[in-house]
Amino acid sequence: MQKFLIPLLLGAQICLAITIVTNVPNVEVRLGSILLAVTDRNGVAEIDVSLPATLTFVKPGYISKSILLQDSEKSHFINLIAASNLQIFTEPSGATVWIDGKQVGSTPIDLQLEPKDYEIVLQKEGFCRVKRSVALQPHEKKKLQIVLAKTPTVHINSNPPSRVWANGSYLGETPLSVELPAGEYSFKLEANDFFTSVEKVQISLDEEQYLEFSLTPSARLLVQASPPHAIVSLDGESKRQPASFDNLSLGEKIITVKAAGYEEKIMKVELKQGMNYVYVPLEPKLNRLNVIAPAEAMIFVDGKSVGRGPTSVKLSQGVHLVEARLGEKRWMGLIDLSKDEKIDVDFNVATILLLGDRKTIYTVEGVTQRPPALIYLPEGFHTIRIGERERTIEFLAGKLYTFSPEGIAYLCIFSDAVVECQVDNEFVGLSPVLFYPVKPGVRKVGTVGWERETMAEPSKVVYIRIGGD
């Protein structure tokens, strides 16, 4: 039985004559550490080898290649790829090196690589991560010398060029490059005629980072209207004119313009990027007032004569002062045209005009009255109390009686259109302004584009028509 053992063992490994052909000459053929042959100038070598066997093919300047031979083929073609050399140095050294996601060592490092494109990442604790793309050609020797930075450089660009803030700190105007420690940032970008952009961005440890922002175009709108006290409303926001609205989206908008005494106007505006200007003139809103009066009675409205006897006149909406005179008889009344359109003149009663300031309180026949007020009393004796003083007076029909505390003067300011009125440069209301209390003396009365001085005497009423002499 033992005489058959040796032939069986010899049959486990077959020694064959094999032809090796390489694409380049002078390639070493090795079996482990044993040099079996070197291909000639034609890249051919004949070797005897027992199969299976792992052969390694080596030539300086080329990527070594190993193959497992386990079949009985007599010829094998081996294609070697020309190598590239890459050296990487960093300052400081000791940075870990990844090539195409695989850790290969730390700097300084000298690598033989297959010629192609590589993504290289360098990382060292306390320093920024560095990313580089490297394209290697056959037989090329390339050296990377990199200084590691401790703070990332962030390149910021925007469309359009914009002013930039990071976490509230102004950085400058794009395009710009700044050093920012890694972390979360709130970037705000502003540019004229564009909406402000606010975005949160995470700055990583990468050595260089690029941020791109795009702002949305916006519009501005300036509305001027006549009269000056007009109010402009847009998207629920109301402003006195000239009314300026910023940061509006482009396209169609609806604006509403209102002013006391004028017709409201609603209009569409097509907004384009940048400043848009609109002028809106309002038409006076007129109501008809019918004054019912005896024939031959002279009728005055807001201090202006409007006719005799029954009279009809158009006026702006609001409160107006109506007076009637017939010989020695006199009557005065107030009418609010937003509520009524007719007023009756009655010379059969006494007209009582009660004037004063906010502190003044009248009591007439037990009824409290606050000035300015017009009341009517039948002819006869009536008791009037002003503060702590009380008087009983005989009142005659068709007469006008005026009561006023001492030391106060009064202004009635009229105009043909509703305008803002000022006394001593202080806004006092829209015309007509009736029985406005002032300190006696020279008072300055005016509106936009008009002004005059007038003497106000104690306990007397001065009638002023804007635009008049």
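For the pair T454 and L411, the minimum side-chain heavy-atom distance is below 4.5 Å. Residues F127 and L122 form no side-chain contact, since every pair of their non-hydrogen atoms from C-beta on lies 4.5 Å or further apart. Taking the side chain as every heavy atom from C-beta outward, V121 and V130 never approach each other to under 4.5 Å. Using a 4.5 Å cut-off on side-chain heavy atoms (C-beta onward), Y463 and F414 make contact. Side-chain contact between L215 and N159: absent, with no pair of heavy atoms (C-beta onward) separated by less than 4.5 Å. Counting only heavy atoms from C-beta outward, the side chains of F395 and P378 never approach each other to under 4.5 Å. Annotation: side chain of L377 is in contact with side chain of V364 (closest heavy-atom distance under 4.5 Å).
Taken from NZ in K150 to CG in L205, the straight-line distance is 13.5 Å, to the nearest 0.5 Å. With rounding to the nearest 0.5 Å, the separation of CZ in R465 from SG in C412 is 11.0 Å. Rounded to the nearest 0.5 Å, atoms CG (L374) and CD1 (I352) are 9.5 Å apart. To the nearest 0.5 angstrom, E119 atom CD is 3.0 Å from S133 atom OG. With values rounded to the nearest 0.5 angstrom, I408 atom CD1 is found 5.0 Å from T360 atom OG1. R308 contributes atom CZ, which lies 9.5 Å from atom CD1 of I299 (distance to the nearest 0.5 angstrom).
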>> Would Q209 and S204 count as a side chain to side chain donor-acceptor pair (under 3.5 Å) here? Give the steps.
In response: CA-CA 8 Å; Q209 296 166 64; S204 68; 3.3 Å; yes

>> Show, in sequence, the C-alpha distance, side-chain angles and deciding distance for Q224 and Y277, and conclude whether the side chain to side chain donor-acceptor pair (under 3.5 Å) test is met.
In response: CA-CA 8 Å; Q224 289 190 295; Y277 174 77; 2.6 Å; yes

> Yes or no on side chain to side chain donor-acceptor pair (under 3.5 Å) for N290 and S312, after CA distance, side-chain angles and deciding distance?
Replying inline: CA-CA 4 Å; N290 295 307; S312 181; 3.1 Å; yes

>> Let's go through I384 and T392 carefully: what are the C-alpha distance in whole Å and the side-chain angles of both, what is the deciding distance for side chain to side chain contact (heavy atoms under 4.5 Å, CB included) to 0.1 Å, and is it a yes or a no?
In response: CA-CA 6 Å; I384 294 182; T392 300; over 6 Å; no

> S169 and N167: side chain to side chain donor-acceptor pair (under 3.5 Å), yes or no, with the steps?
Replying inline: CA-CA 6 Å; S169 297; N167 290 348; over 6 Å; no

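With respect to K304 and E323, no salt bridge is recorded, no charged nitrogen being found less than 4.0 Å from a carboxylate O. Using a cut-off of 4.0 Å between Lys/Arg side-chain N and Asp/Glu carboxylate O, E328 and R325 are scored as not salt-bridged. Between K258 and E264, at least one side-chain N (NZ, or NE/NH1/NH2) sits under 4.0 Å from a carboxylate O, which counts as a salt bridge.
A 6.0 Å sphere centred on CD of E283 holds no more than 12 heavy atoms belonging to other residues, nucleotides or ligands. Around CZ of R370, the count of heavy atoms belonging to other residues, nucleotides or ligands within 6.0 Å does not exceed 12. Heavy-atom contacts from other residues, nucleotides or ligands closer than 6.0 Å to CD of Q202 number more than 12. Other residues, nucleotides and ligands contribute over 12 non-hydrogen atoms within 6.0 Å of the CD atom of E390. With a 6.0 Å radius and a threshold of 12 heavy atoms from other residues, nucleotides or ligands, E426 has its CD atom at or below the threshold.
Nearest heavy atoms, K342 versus I335: O-CD1, 3.4 Å. The shortest non-hydrogen separation linking W450 to V445 is CZ3-O, 3.7 Å. The minimum heavy-atom distance linking S459 with P405 is given by the pair OG-O, 3.6 Å. Closest of all the heavy-atom pairs between L396 and Y401 is N-OH, 2.9 Å. Looking at every heavy atom in both residues, C421 comes nearest to I413 through SG-CG2, 3.8 Å. Heavy-atom minimum distance, A295 versus L326: O-CD1, 4.1 Å.
For K188, the salt bridge (charged side-chain N to carboxylate O under 4.0 Å, His left out) partners at least two apart in sequence or on another chain are E190. Partners of K131 according to the salt bridge (charged side-chain N to carboxylate O under 4.0 Å, His left out) rule, which considers only residues two or more places apart in sequence or in another chain, are D206. Applying the side-chain hydrogen bond (donor to acceptor under 3.5 Å, both in side chains) criterion to S158, with sequence neighbours excluded, gives S162, T174. Under the rule for a side-chain hydrogen bond (donor to acceptor under 3.5 Å, both in side chains), D117 has no partner lying at least two apart in sequence or in another chain. In this structure E208 satisfies the side-chain hydrogen bond (donor to acceptor under 3.5 Å, both in side chains) test together with H155, sequence neighbours excluded. Applying the salt bridge (charged side-chain N to carboxylate O under 4.0 Å, His left out) rule to D340 yields no partners; only residues at least two apart in sequence or on another chain are considered. Taking E341 as the reference, nothing meets the side-chain hydrogen bond (donor to acceptor under 3.5 Å, both in side chains) condition, with sequence neighbours excluded. Looking at residues two or more places apart in sequence or on another chain, you find a salt bridge (charged side-chain N to carboxylate O under 4.0 Å, His left out) between D193 and R220.
Among the candidates K444, K439, R443, the single residue satisfying the salt bridge (Lys or Arg N to Asp or Glu O under 4.0 Å) test with D424 is R443.
With hydrogens and angles ignored, the 3.5 Å screen pairs a side-chain donor or acceptor of K265 with a backbone N or O of P281. Judged by distance alone, the side chain of Y170 and the main-chain N or O of A166 form no donor-acceptor pair under 3.5 Å. Side chain of T311 to main chain of G309: a donor-acceptor pair is present (N/O by atom type, distance under 3.5 Å, no hydrogens or angles). Judged by distance alone, the side chain of S431 and the main-chain N or O of A417 form a donor-acceptor pair under 3.5 Å. At least one donor-acceptor pair closer than 3.5 Å links the side chain of D302 to the backbone N or O of L321. Listed for the E379 side chain is a donor-acceptor partner under 3.5 Å among the backbone atoms of A397.
If you check the side chains of T153 and S177, you find no donor sitting under 3.5 Å from an acceptor.
Within the structure, ring-ring contact (aromatic ring centres under 6.0 Å, His included) contacts touching residues 339-376 (residues at least two apart or in different chains) are W331-Y376. For residues 244-275, the ring-ring contact (aromatic ring centres under 6.0 Å, His included) pairs, not counting sequence neighbours, are H229-Y262. For residues 83-106, every residue pair satisfying the side chain to side chain donor-acceptor pair (under 3.5 Å) rule, not counting sequence neighbours, is listed here: N85-D110, N85-Q112, Q87-D110, T90-T107.
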Show every donor-acceptor pair shorter than 3.5 Å between a side-chain atom in residues 137-145 and any protein atom, with sequence neighbours excluded, or say none if there are none.
unit_1	atom_1	unit_2	atom_2	d
E140	OE1	Q137	N	2.8
K142	NZ	A135	O	3.1

